[in-house]
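Inspection log for the structure reproduced underneath, given as structure tokens.
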Amino acid sequence: MTFQAASLPPVPAKKPIKRTHHGDTVVDNFDWLREKESQEVLDHLHAENAYADEILTPLHGLRDRIVAEVKSHTQETDSSVPYRDGDFWYISRTREGDNYPRFSRISVAHSPELPQLDAASDELLDGEEVFLDAQALAAGCEFFQIGGFTINEPANLLAYSVDTTGGEVFDLRIVDLSTGRVIDDAVKNVAYGLDFSVDGSKIVYAKNDAAWRQCEIWVHTVGADAATDRLIYRENDEKYTTYAAASRGGEALLIHAESHAGCEVFTVPLADPDTTPVSVAGRVADVEYSVEHAGDHYLVIHNRDHVGFSLARQELNVTGAAAQDTWVEIMAPQKGERIEAVDAFKGHAAVTMRAAGLPAIRVLPRALPESGSESGWHTGDAWDISHGGELDAVYLAHNRNWDSDTIRYTLESLLTPTTVAEVAATGGQPNILKVTEVPNFERSNYVEKRLWATAKDGTQVPISLMARADVQPDGTNPGFLYGYGSYEVPIDPSFNVLWLSLVDRGVVVAIAHVRGGGEMGREWYLDGKLANKKNSFSDFVDSAHFLTNEGWFDGDRIAAEGRSAGGLLMGAMVNLSPATFRAVLAGVPFVDALTTILDPTLPLTVGEWEEWGNPLESAEIYQYMKEYSPYENIKHEKYPAILATTSLNDIRVFYVEPAKWVARLREETTNYESGAALPERPIAFKCEMVAGHGGRSGRYARWEQRAEEYAFLLDQIGATELE
């Protein structure tokens, strides 16, 4: 890039703060940047944005071309496949030019069969009514997010929640659907999860504590003063968070209190949600479980007997910790499998699993007493939903009705656009309901592959790869490697229109499924957490080296991306091997991990001790985290070009982490030794002033933000032109 920045990067003042733990004293010059209300801090963030803009503005032509490419591959006016819930079919619609969707419904009485939509038309069907217009609600808002919504059909009421700051704290609104009027907006500052009582007279919602831990479940009477709301459950253990959801049949509210290593589930009748919650199966150390209401009994997923979890039955009249002794196993995992969840229906159950490194759905037939055959779950007749693709990922989707005899699911891969299908619970050929339209995309022009890298300890690390069909592994290709690797969260192959813009420029795109994620099951997660965390970072570097050695990547032209805990991956792996990558995108990066996990007053910290360890109590964990925390381990070497992005109102990873990290990167690395305002490998930091953990809201603003980030990477690896 020939452009030269006019200004040197901003240099924050050094205001040393000392901290001492386990006999180790650390001086932190930049922690004062967490003073969010300080004008000096805000001035520094604006200066960082100005410097980032000097670097990124010359790339806006490329950014705009990428946005245009995304539009060319997107049917901007589109609609979902209607799904049935109770007596209505529900639909979401987008319109060209709109950032946010409209949600509508049509009664089953008006349309007994699945309504047939012209996805490219924004005209409503006869009898279809819009009940929630997010585009209209977002008017005048710089940021807008709906936290969730629920409808009570008998009372004809809608409840939804809205956030306009990015801080993921929502205001509750209740609408009379017969008039469209908001009849109750008394409840403020709610968290995720909304459920009506059976008669619609009450709404159940969750709240966070001062540490942004979702830990309280409340009941509000529609139309009443919020001061009269009743707290029905509070989780006092700071390691646990809480969420509530109605059972599929609508008769019970299930309250899950979960930590990274434990769980307890409570039940409340939705006919009277003010009732004291009853523990379904108690709380036992190191036993994790989840509960699904299956009509006349519970289905329980638990890890008491198998590291990959198993599926068991529990009777409704047995409660408390003693209930765990009554669990009757229905299905155990096979080698390499992880049972994750179960959805129960009148005649079958759909078990969400991981198998062979991919998400899977296993269907268990259920015989009822009146069926004439032996009642219960028939595991011998279980079957898997599969389309046979090497990178196919299948997920359950909108199966809301208890007595349904079909299973709705989605299918996708790196090259398979999101496909909605339905299959009979007894098996057979699936009915493809919709394949997302991707204009100007010809799948045969591309290839996708599953590869396996060998980590330094001999572990085989899966890699998902996509490229143009004419690309050869000859060592000349620019490469892009994505990773995450925490919380047992998998990064499964999915269709990403933005990645087409990379591949169409000759870039080979790959996902390194490093340890710490959930791709290969629970053991994979355990091998990348606590005192095994460093495996995540070395797996990523080893995957990059493998792709280089196999000829897929040009070793001098590799870009990498990770976000949130994946940002920790980015920061740690560049310290581990600065020369491996040419450019790095670190989105909302968790790069000051040790400082954060040492402070239990910060949001989420206490609950994170079961993921990272508690460095306050353990000298060994303290030393281990200090050895990998990105902020602590920057080397005096040339680093990749780095773009760190964040949002001022992000509550999950505070903006201060990348702010501090970037300041130290410029100070410690050799990138800026020449004194140039814009070195060959610049280090830039951009902070959205009104946004959240996911960045800007609205699809067009998000496309522009992501296109700008990718323009930075493409410029650095010399892949700006379409091939």
Closest non-hydrogen atoms of V291 and H256, given as atom of the first, atom of the second and distance, are N-NE2, 3.2 Å
Practice item. Determine whether the side chains of H513 and S464 contain a donor N or O and an acceptor N or O closer than 3.5 Å. Key: yes
(Q) Under 6.0 Å between ring centres: does that hold for Y233 and W218? (A) no
**Prompt:** Is there side-chain contact between E292 and D343, with at least one heavy-atom pair below 4.5 Å?
**Reply:** yes
- Flag the pair Y487 / H260 as yes when their ring centroid distance falls below 6.0 Å, and as no otherwise. yes
For this session: Could you verify whether a donor N or O on one side chain and an acceptor N or O on the other, from Y409 and N399, lie under 3.5 Å apart?
Result: no
Q.
Can you confirm whether D492 sits close enough to Y395 that some side-chain heavy atom of one is under 4.5 Å from a side-chain heavy atom of the other?
A. yes
Residues Y289 and V265: closest non-hydrogen pair is OH-N, 3.1 Å
Paired with I174, the side chain to side chain contact (heavy atoms under 4.5 Å, CB included) test is passed by just one of V187, V182, V222, L158, namely V222
On the 0 to 90° scale, with breaks at 30° and 60°, tag the F103-F149 ring pair as parallel, tilted or perpendicular. tilted
Sequence neighbours excluded, the answer for salt bridge (Lys or Arg N to Asp or Glu O under 4.0 Å) partners of E251 is none
Is NZ or CZ of R338 both nearer than 6.0 Å to the six-membered ring centre of F309 and within 45° of the ring axis? yes
Look at atom CG of D286 and say whether more than 12 heavy atoms of other residues, nucleotides or ligands are closer to it than 6.0 Å. no
Short side-chain to backbone donor-acceptor contact, E238 and G607, under 3.5 Å | no
So, D185 and R173, do they make that salt bridge, N to O below 4.0 Å? no
How about Y160 and F170: are their ring centres within less than 6.0 Å of each other? no
Between E337 and R354, does any NZ, NE, NH1 or NH2 come within less than 4.0 Å of an OD or OE carboxylate oxygen? no
So does E617 have more than 12 non-hydrogen atoms from other groups sitting under 6.0 Å from CD? no
| N303/V287 under side-chain contact (heavy atoms from CB on, under 4.5 Å): CA gap, chis, key distance, verdict | CA-CA 6 Å; N303 69 339; V287 175; 4.1 Å; yes
(message) Run D163 and T165 through side-chain hydrogen bond (donor to acceptor under 3.5 Å, both in side chains) and show every step you take.
(response) CA-CA 6 Å; D163 167 28; T165 70; 3.1 Å; yes
Residues E329 and H306: side-chain donor-acceptor under 3.5 angstrom: yes
message: Test side-chain hydrogen bond (donor to acceptor under 3.5 Å, both in side chains) on T595 and D592; report intermediate values, then the result.
response: CA-CA 6 Å; T595 302; D592 192 19; 2.8 Å; yes
For N236, the side chain to side chain contact (heavy atoms under 4.5 Å, CB included) test, sequence neighbours excluded, returns R234
Looking at R366 and D296, is there a salt bridge between them, counting it only when a charged N and a carboxylate O are closer than 4.0 Å?
yes
By side chain to side chain contact (heavy atoms under 4.5 Å, CB included), N152 pairs with (sequence neighbours left out) P154, A155, F196
Fill in: Side-chain touch V606/W609, heavy atoms, less than 4.5 angstrom
yes
Q: Go through the steps for H293 and Y298 under the test ring-ring contact (aromatic ring centres under 6.0 Å, His included), then give the verdict.
A: CA-CA 5 Å; H293 203 289; Y298 294 119; 5.4 Å; yes
_Distance to the ring centre below 6.0 angstrom and angle to the axis at most 45 degrees; does that hold for R248 and F345?_
yes
Distance col, row I407:CD1 vs I385:CD1, nearest 0.5 angstrom, shows 4.5 Å
What one should report as the nearest heavy-atom pair of I597 and P615 is CG2-CD, 3.4 Å
On a heavy-atom basis, the closest approach of S536 and L569 is O-CD1, 3.5 Å
Next on the checklist: Quiz question: by atom type and distance under 3.5 Å, do the side chains of T601 and D599 form a donor-acceptor pair?
Outcome noted: yes
Quick one, I330 and L299 - any side-chain contact, counting heavy atoms below 4.5 Å? yes
Next on the checklist: side-chain hydrogen bond (donor to acceptor under 3.5 Å, both in side chains), that's the test. Do S564 and H693 meet it? Break it down for me.
Outcome noted: CA-CA 8 Å; S564 195; H693 194 59; 3.0 Å; yes
Quiz item: Where the side chain of S697 meets the backbone of F144, is there a donor-acceptor pair that is under 3.5 Å apart?
Solution: yes
Taking every heavy atom of D87 against every heavy atom of E153, the minimum-distance pair comes out as N-OE1, 3.1 Å
Residues at least two apart in sequence or cross-chain that pass side chain to side chain contact (heavy atoms under 4.5 Å, CB included) with D85, listed by chain then number, are Y83, Y90, R400, N401
Discussion item. So M331 and V351, do their side chains get closer than 4.5 Å, heavy atoms only?
Written reply: yes
Across all chains, not counting sequence neighbours, the ring pair (Phe, Tyr, Trp, His ring centres under 6.0 Å) partners of H220 are none
In terms of side-chain heavy atoms, does Y192 have a donor or acceptor partner in E168 at a distance below 3.5 Å? yes
Charged tip of R283 within 45° of Y240 ring normal and under 6.0 Å: yes
Please tell me whether S201 and D199 have a donor and an acceptor in their side chains that are separated by less than 3.5 angstrom. yes
_Quick one about D225 and T228 (side-chain donor to acceptor, distance below 3.5 Å, no hydrogens or angles considered), yes or no?_
no
**Report entry** Test log, rule side-chain hydrogen bond (donor to acceptor under 3.5 Å, both in side chains), inputs E657 and T596
**Finding:** CA-CA 9 Å; E657 299 209 17; T596 296; 2.6 Å; yes
Using only heavy-atom distances, determine whether the side chains of K346 and S404 contain a donor-acceptor pair under 3.5 Å. no
Taken in chain and number order and not counting sequence neighbours, the residues that satisfy side chain to side chain contact (heavy atoms under 4.5 Å, CB included) with N496 are L498, W499
Step by step, would you call Q324 with V284 a side-chain contact (heavy atoms from CB on, under 4.5 Å)? CA-CA 9 Å; Q324 296 193 17; V284 176; 3.5 Å; yes
Can S279 and E264 be counted as having a side-chain donor-acceptor contact under 3.5 angstrom?
yes
R702 side chain vs R696 backbone, donor-acceptor pair below 3.5 Å = yes
>> Does either side chain, that of T221 or that of R230, offer a donor lying less than 3.5 Å from an acceptor on the other one?
In response: yes
Using side-chain contact (heavy atoms from CB on, under 4.5 Å), reason through L602 and F654 one step at a time and then give a plain yes or no.
CA-CA 10 Å; L602 293 177; F654 281 5; 4.1 Å; yes
From the list K239, E288, E610, side-chain hydrogen bond (donor to acceptor under 3.5 Å, both in side chains) with S259 holds only for E610
Practice task
Walk me through it: do W612 and F590 pass the test ring-ring contact (aromatic ring centres under 6.0 Å, His included)?
Solution key: CA-CA 12 Å; W612 313 101; F590 182 45; 5.5 Å; yes
